[in-house]
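Residues take their numbers from the sequence shown, with the count starting at 1. Since we're looking at a predicted model, the values are computed, not measured. When a ligand or atom number is given, it counts from 1 through the structure's own listing order.
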Amino acid sequence: MKFTDFNLKPEIQAAVEEAGFREPSPVQKDAIPLVLEGHDMIAQAQTGTGKTAAFGLPMMSMMKGDGSVEGLVIVPTRELAMQVSDELFRFGKGAGLKTATVYGGTAYGKQIDRIKQASIVVATPGRLQDLLQSGKIKINPQFVVLDEADEMLDMGFLDEIKNIFTFLPKERQTLMFSATMPNAIRKLAEQILKNPKTVSITKSETTNTKITQLYYVVQERERDDALVRLIDYKNPQKCIIFCRMKKEVDRLVAHMTAQGFKVSGLHGDMEQKQREVTIRAFKQGGIDIFIATDVAARGLDVNDVTHVFNYHIPFDSESYVHRIGRTGRGGKSGEAITLVSPNELRTIKRIEKDVGTKMTTQVIPTRMEVQNNRNDELIANIAQTQITDKAIELVKTLQHDLDIVTIAHLLASMVQSDISVKGKDNIGLGLEEIELLIERAMQNRGGGGGGRNRGRGNYRGGNRRRSGGGERSGRHGRNGRSSRNGGGRN
Ligand code: ADP
Ligand code: MG
């Protein structure tokens, strides 16, 4: 199936081509025809599956572009509002469809001006309710979309949403998107949708199989060391580290900065401007590592996030799914890495069951293994390098005085010497202990007692067994450590 099969308006079709979308995603295949036929719809699909285009393309294809607000999209967070707005703008600009983004924490005036010129309003519930209730805006959208509906309910926006609908026309087409379908969502759907069609992308299609899911078992006090070691080993181009609390974000930002990484924190207390600046820096590569809470990173759509780290395992499976969905976007592959303490192994097992995928456990690499990995990457980089005339000249000159081994040694020391892996050699538990602990945890299911006396990390005898070689191929990515702050890690 191709996008041209949908018979979208030529300007919209052109924008799809310009965006480089080759083939509709599963949710797009199912949803776009239904929306074009005018049905209400409730769609279940996980994050990163292309929901924005699934509602945006057909909706915009049907719009008149008469200057009134024809479409309203309600989303849970400011970040998401900006992202969805950007994406819709990209698809609609050829057809002359403007978008306005509406969220709290900024002045009303400009937002209201923008709404007056827009065909599509993308809004968070709180501010939208404000504007409607106070009569500051009046809109008559024919299309209404609730995006990430489960998130909005989780964030406590049910009342606002119900209230917003009292200001909307009865004659409308309503679309609801949600990653999960708890009862509260079904109930809401009954209230706001008319004879809806259902789209559900089955689990195997929903779970992004391009995300490799790994977990490492560490003692509580080893988390920081484990994180640094794994980042050194994986050498991510861009990664997001998830924490449970703001306090933890702040502490980790300080810790990682001291270790010489280019990091930035993202949490709910940040000023709107500051958040925007930070997110832009992350998108453009000025920052490699984002340390964030769930709420702050909800829906964040940054391409090229190669790794997601869970500093702690999230409390529930849905957060886990949302978190790991920050990588492997737009058909790319990604890695999700979770640090767990022995006590949290049960949570891992529960999440595996809920999500319907299996995570792989691995052992944290030793210093030597990280170093070897780096050497492999270096060799891969060298192999890819175009040899220039200048280099040939240089070798010719050096060859007069030096033998080839010395030349190699010189070059290697020039490129390579800026990383030395720090920390104790063995971090975390070995595979045999992990297997044993999983077995015990599963036996003890529901048996309440957590506080068993598993010693103080003396789990490692000589039995650290490697899990199948790990990934050695190495991501060539950045030139060595050049994108880190000053070489403070020597
Ligand atoms: P969701 O809302 O389901 O989390 P998005 O709509 O944000 O997902 O899409 C995720 C990413 O995938 C975006 O960067 C988007 O541009 C891209 N994308 C969406 N549909 C396609 C497609 N058919 N082909 C290629 N990329 C796509
Ligand atoms: Mg989305």
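- With a 4.0 Å cut-off on non-hydrogen atoms, Q83 does not touch ligand 1 at all.
- T52 OG1, 2.8 Å is the protein heavy atom nearest to atom 6 (O) of ligand 1.
- Nearest protein heavy-atom contact of atom 13 (C) of ligand 1 is D301 OD2, 3.4 Å.
- Scanning all protein heavy atoms for the shortest distance to atom 20 (N) of ligand 1 gives Q28 NE2, 2.8 Å.
- In summary, R323 and D294 engage in a salt bridge, as defined by a charged side-chain N under 4.0 Å from a carboxylate O.
- Salt bridge present: E352 and K349 bring a charged side-chain N and a carboxylate O closer than 4.0 Å.
- Counting the atoms of ligand 1 from 1 in the order shown, those under 4.0 Å from a heavy atom of S25 are 23 (N).
- In this model, a donor atom of one side chain and an acceptor atom of the other lie less than 3.5 Å apart for T106 and Q111.
- The protein non-hydrogen atom at the shortest distance from atom 23 (N) of ligand 1 is E23 O, 2.9 Å.
- A donor-acceptor pair under 3.5 Å is formed between the side chain of R374 and the backbone N or O of D232.
- E87 OE2, 3.0 Å is the protein heavy atom nearest to atom 16 (O) of ligand 1.
- F6 is listed as a side-chain neighbour of P33, based on a closest heavy-atom distance under 4.5 Å.
- Nearest non-hydrogen protein atom to atom 1 (P) of ligand 1 is G48 N, 3.3 Å.
- The shortest non-hydrogen separation linking G126 to E160 is CA-CG, 4.5 Å.
- Salt bridge status for D224 with R229: absent, with no side-chain N to carboxylate O gap under 4.0 Å.
- Ligand 1 is approached by R90 to a heavy-atom distance shorter than 4.0 Å.
- Residue-to-ligand polar distances keep P24 apart from ligand 1: every N/O pair is separated by 3.5 Å or more.
- Using a cutoff of 4.0 Å between basic side-chain nitrogens and carboxylate oxygens, E276 and K283 are not scored as salt-bridged.
- Of the protein's heavy atoms, G330 CA, 3.6 Å lies nearest to atom 12 (O) of ligand 1.
- The N/O atoms of R22, backbone and side chain alike, include none that comes under 3.5 Å of an N/O atom in ligand 1.
- Closest to atom 19 (C) of ligand 1 by heavy atom, among F3, F21, F177, is F21.
- Between K29 and E23 there is a salt bridge, with a side-chain nitrogen of the basic residue lying less than 4.0 Å from a carboxylate oxygen of the acidic one.
- Close approach to T49 involves these atoms of ligand 1, each under 4.0 Å from a residue heavy atom: 1 (P), 3 (O), 8 (O).
- The protein heavy-atom contact nearest to atom 7 (O) of ligand 1 is R329 NH2, 3.3 Å.
- Ring centroids of F55 and F177 are separated by less than 6.0 Å, placing the two rings close together.
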